[in-house]
Amino acid sequence: MQTTFQDIGRQGLQQYGVVVSGAMDPFSLQVANLLVGNSRDEGTLEIALMGPELDVLAPAVISICGADLSPAVNGRRAPMWKAFKVQEGDRISFGRPLSGVRAYLAVAGGYDIPVIMGSKSTYERANIGTVIKKDMVINGFRVRGRPGVGLKHAVIPDYPHTRTIRVMDGPDIDRFTEEGIESFYNQQHKIKPESDRMGYRLESMEIPHKHGADIWSDAVPIGTIQVPSNGQPIILMADRQTTGGYTRIATVISVDIPKVAQLPPGGKIYFKPVNVNQAQNLSIQEEKFFRVLEMGV
């Protein structure tokens, strides 16, 4: 349905109008890489909902993390959140989505595709990156990898259809009425079908502004929640524009971006406010987890 190469994105170029792109679920991408012995920011395949069929042309060590899209090797269920070997002649396939919507397939050594502006990420709207096509041969750098390394069940994320997402107040929260702010935090929001890598559109009870929705265009990090004049929030995601001109009521904290990215159309969200210290502490805990995984523990 949509399989692209992604890494952590084109960092530091938004000031020049270059979209960041990168993985929608950076947690799963980084874990997939670390399990096979890659650097955390190596490019992987990001597979949305309906995966491709891949014929293995040479022995490799791979891992599949993120959404459970019923991965299989030669028709037999493949492990997830664990590095394992595949052999020449094997066929990797995907079936019915069971949990989440985006899976990440990493190969030990990484994929041999061009690095454009410091990244292997694909941004299809601007034809940046390597577009995957039928019968395409994807080369890799062959290394031994770390077969058998995996996550314990206790630390593997789950992907329910209803999530509480932690946010910090946005820079324009004073542009909303008290009733609008209460409505934003107290109601259930539903993800619309037209959501994509650029943004998740929410179906919500109207969130009213004090004096209109337009602002001078300003920076929009991933997780920015804009509210245009119709009062319906939009969560900006990996392929977001570099600046935006709608009021920003809140920002999803970094550790909860993967939770949003794994919600399907029709998924439901409640927003919970946290402060900057809480958000930073959660980010530090996640970083410690990655450091431990890097050491192979």
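If you're wondering where the values come from, they're calculated on a predicted model, not measured in any experiment. Computed over heavy atoms, backbone and side chain alike; hydrogens, waters and symmetry mates excluded.
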Looking at [X] and [Y], would you say the former's side chain and the latter's main chain have a donor-acceptor pair under 3.5 Å?
X: K210; Y: D174; answer: yes
X: Q2; Y: I47; answer: no
X: R175; Y: D214; answer: yes
X: E42; Y: S39; answer: no
X: R102; Y: M24; answer: no
X: S119; Y: I116; answer: no
X: D112; Y: F141; answer: no
X: S70; Y: R96; answer: yes
X: D239; Y: R197; answer: no
X: N186; Y: E182; answer: yes

Do [X] and [Y] have a side chain donor and acceptor closer than 3.5 Å?
X: Q262; Y: D25; value: yes
X: N33; Y: N38; value: yes
X: Q6; Y: S121; value: yes

Cluster check [X], [Y]: I/L/V/M/F/W/Y, side chain < 4.5 angstrom:
X: F94; Y: Y111; result: yes
X: I173; Y: I225; result: yes
X: Y185; Y: F176; result: yes
X: L105; Y: V86; result: yes
X: I132; Y: I62; result: yes

Side chains of [X] and [Y] in contact at under 4.5 Å (non-hydrogen atoms):
X: R91; Y: V73; answer: no
X: Y104; Y: I64; answer: no
X: E46; Y: F5; answer: no
X: E53; Y: I92; answer: no
X: V143; Y: V61; answer: no
X: R240; Y: V20; answer: yes
X: L57; Y: V137; answer: yes
X: T242; Y: V18; answer: no

Counting only heavy atoms not in [X] (residues, nucleotides, ligands), do more than 12 fall under 6.0 Å from its [atom1]?
X: R10; atom1: CZ; answer: yes
X: F27; atom1: CZ; answer: yes
X: K85; atom1: NZ; answer: no
X: K268; atom1: NZ; answer: yes
X: M50; atom1: CE; answer: no
X: E178; atom1: CD; answer: no

Using every non-hydrogen atom in the two residues, find where [X] and [Y] come nearest and quote the distance to one decimal.
X: I207; Y: P233; answer: CD1-CG, 3.6 Å
X: G223; Y: I257; answer: CA-CD1, 3.6 Å
X: V260; Y: Y200; answer: O-CE2, 3.1 Å
X: L293; Y: R146; answer: O-NH2, 3.7 Å
X: P208; Y: G180; answer: CD-CA, 3.6 Å
X: C65; Y: L35; answer: SG-CD1, 3.8 Å

To the nearest 0.5 Å, how far apart are [atom1] in [X] and [atom2] in [Y]?
X: I138; Y: T130; atom1: CD1; atom2: OG1; answer: 9.5 Å
X: H161; Y: L263; atom1: NE2; atom2: CG; answer: 8.0 Å
X: Q188; Y: E203; atom1: CD; atom2: CD; answer: 10.0 Å
X: E286; Y: N281; atom1: CD; atom2: CG; answer: 13.0 Å
X: R291; Y: L34; atom1: CZ; atom2: CG; answer: 11.0 Å
X: I191; Y: S204; atom1: CD1; atom2: OG; answer: 10.5 Å

| query | After noting the C-alpha distance and the side-chain angles of K120 and D7, does the key distance pass the salt bridge (charged side-chain N to carboxylate O under 4.0 Å, His left out) rule? | reply | CA-CA 6 Å; K120 294 182 179 180; D7 53 24; over 6 Å; no
| request: Apply side-chain contact (heavy atoms from CB on, under 4.5 Å) to the pair L54 and L45, showing each step before the final yes or no. | output: CA-CA 11 Å; L54 305 166; L45 289 176; 4.1 Å; yes
| request: Would you sort out whether D256 and F271 count as a side-chain contact (heavy atoms from CB on, under 4.5 Å), showing the intermediate values? | output: CA-CA 11 Å; D256 279 7; F271 292 113; over 6 Å; no
| Contacts of type side-chain hydrogen bond (donor to acceptor under 3.5 Å, both in side chains), residue S99, not counting sequence neighbours |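 side-chain hydrogen bond (donor to acceptor under 3.5 Å, both in side chains) check on S99 returns nothing, list empty.
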| Hey, mind stepping through I269 and I235 against side-chain contact (heavy atoms from CB on, under 4.5 Å) and telling me if it holds? | CA-CA 11 Å; I269 291 175; I235 306 175; 4.0 Å; yes
Just list the side-chain donor-acceptor pairs under 3.5 Å for residues 247-255, sequence neighbours left out, or say none.
unit_1: T247; atom_1: OG1; unit_2: H209; atom_2: NE2; d: 2.9
unit_1: T247; atom_1: OG1; unit_2: V227; atom_2: O; d: 3.0
unit_1: R248; atom_1: NE; unit_2: D172; atom_2: OD2; d: 2.7
unit_1: R248; atom_1: NH1; unit_2: D218; atom_2: OD2; d: 3.4
unit_1: R248; atom_1: NH1; unit_2: A219; atom_2: O; d: 3.2
unit_1: R248; atom_1: NH2; unit_2: D172; atom_2: OD1; d: 3.3
unit_1: R248; atom_1: NH2; unit_2: D172; atom_2: OD2; d: 3.2
unit_1: R248; atom_1: NH2; unit_2: D218; atom_2: OD2; d: 3.3

| query | I234 and L236: side-chain contact (heavy atoms from CB on, under 4.5 Å), yes or no, with the steps? | reply | CA-CA 6 Å; I234 304 169; L236 300 184; 4.0 Å; yes
| message | Filter on salt bridge (charged side-chain N to carboxylate O under 4.0 Å, His left out), then keep only pairs touching residues 121-132, sequence neighbours left out; what's left? | response |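 Only R125-D196 qualify under salt bridge (charged side-chain N to carboxylate O under 4.0 Å, His left out).
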| Intermediate values then yes/no, salt bridge (charged side-chain N to carboxylate O under 4.0 Å, His left out), R77 and D68 | CA-CA 11 Å; R77 174 75 190 205; D68 185 349; 2.8 Å; yes
